[in-house]
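First the structure, in the form of structure tokens, and then the observations on it.
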2 protein chains.
Amino acid sequence: MDISKDLIRGHTDTIILNILSQGDSYGYQVSKSIRSLSDNQYSLNEATLYTAFRRLEKIGEIESYWGDETQGARRKYYKITSSGRQHLEAALNEWQFAKNIISHLISGEVTEGDNL
Amino acid sequence: MDISKDLIRGHTDTIILNILSQGDSYGYQVSKSIRSLSDNQYSLNEATLYTAFRRLEKIGEIESYWGDETQGARRKYYKITSSGRQHLEAALNEWQFAKNIISHLISGEVTEGDNL
DNA sequence: CAAATTACTTTGACAAACACAGTAATTTGT
DNA sequence: ACAAATTACTGTGTTTGTCAAAGTAATTTG
């Protein structure tokens, strides 16, 4: 992984919700999707991922069910709820907004007026 | 404040280094600069700011000295070091890079290939 | 002279992320 | 047939950054 975890912090839930908004999935697959969506630049620690699942389920943004795999290991599937979709949309809007503010904060010029 | 703290997390040091790269400053003024640079959308908690100062000083990215104020409250000034400037530049590059990755992660399409 | 502002500091709490370890099944290579 | 690798989920304990709240102390404003 190349990019600092703290830059991703605050996006974890949104990342998961984005992936689940495109279809039900389970931990291992979500993990691989994250690696793939980031062009192998980022991978979420397993513990972090499952912690996020539990957090999102607790607040009703996702639901889970055990898949009935005839072969392969058992899988717990996660499904986004309508509340989760709302949250996802809100987060995307916030990001568009925050991106500019962050850019100002880390590279903007401090004008004299700021001292008044 | 309008934007979530977790979106800023990971940028705090960079924000401070950016401000100090434009001239020595002290806590209260940095705090106001942040509010101003963000168009009043974000303000950093005082405790967080001073914690960051201590952290940055400890790792040698800033240095501090007491101002000799003839009037007004005493002020501890902070100065960016060359190591701090290097870190700032690296962080700005990382941000350019991370911005795109985050965008992919939170709104990119998961392709079938991701499941393989 | 009280209240507001400037300015810095400490303490204690919390939440997210992580490393690490563990459980358990299945698939692959030899 | 068996060991190794992979798939898949879970739990524990620690670290880190941020924050709220409170405190200290000076100066300026009404």
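In what follows, every chain begins at residue 1, and chains take the letters A, B, ... in the order their sequences are listed.
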Choose from [options] the nucleotide whose nearest atom is closest to any side-chain atom of [X].
{"X": "B:R55", "options": "D:dT18, C:dC18, C:dT6", "answer": "D:dT18"}
{"X": "B:Y28", "options": "C:dA16, C:dA7, C:dT9", "answer": "C:dA7"}
{"X": "A:A47", "options": "C:dT9, C:dA16, D:dG11", "answer": "D:dG11"}
{"X": "A:L44", "options": "C:dC18, D:dC19, C:dA17", "answer": "C:dC18"}
{"X": "A:D6", "options": "C:dC18, D:dG17, D:dA20", "answer": "D:dG17"}

Is any side-chain N or O of [X] closer than 4.0 Å to OP1 or OP2 of [N]?
{"X": "A:R9", "N": "C:dA16", "result": "no"}
{"X": "A:Y50", "N": "D:dT10", "result": "no"}
{"X": "B:Y26", "N": "C:dA7", "result": "yes"}
{"X": "A:K76", "N": "D:dT10", "result": "yes"}

Complementary nucleotide of D:dG30, counting Watson-Crick and G-U pairs under 3.5 Å: C:dC1

Sugar-phosphate only, base, or nothing, as touched by A:T51 at under 4.0 Å among non-hydrogen atoms: nothing

Close side-chain approach of A:I19 and A:L37, heavy atoms under 4.5 Å: yes

Mutual orientation of the aromatic rings belonging to B:W95 and B:H11 [parallel < 30°, tilted 30-60°, perpendicular > 60°]: perpendicular

Parallel, tilted or perpendicular, as decided by the 30° and 60° cut-offs, for the rings of B:Y77 and B:Y65: parallel

Side-chain donor or acceptor of B:E61 paired with backbone N/O of B:L88 under 3.5 Å: no

Donor-acceptor pair present, A:E46 side chain and C:dC18 base, under 3.5 Å: no

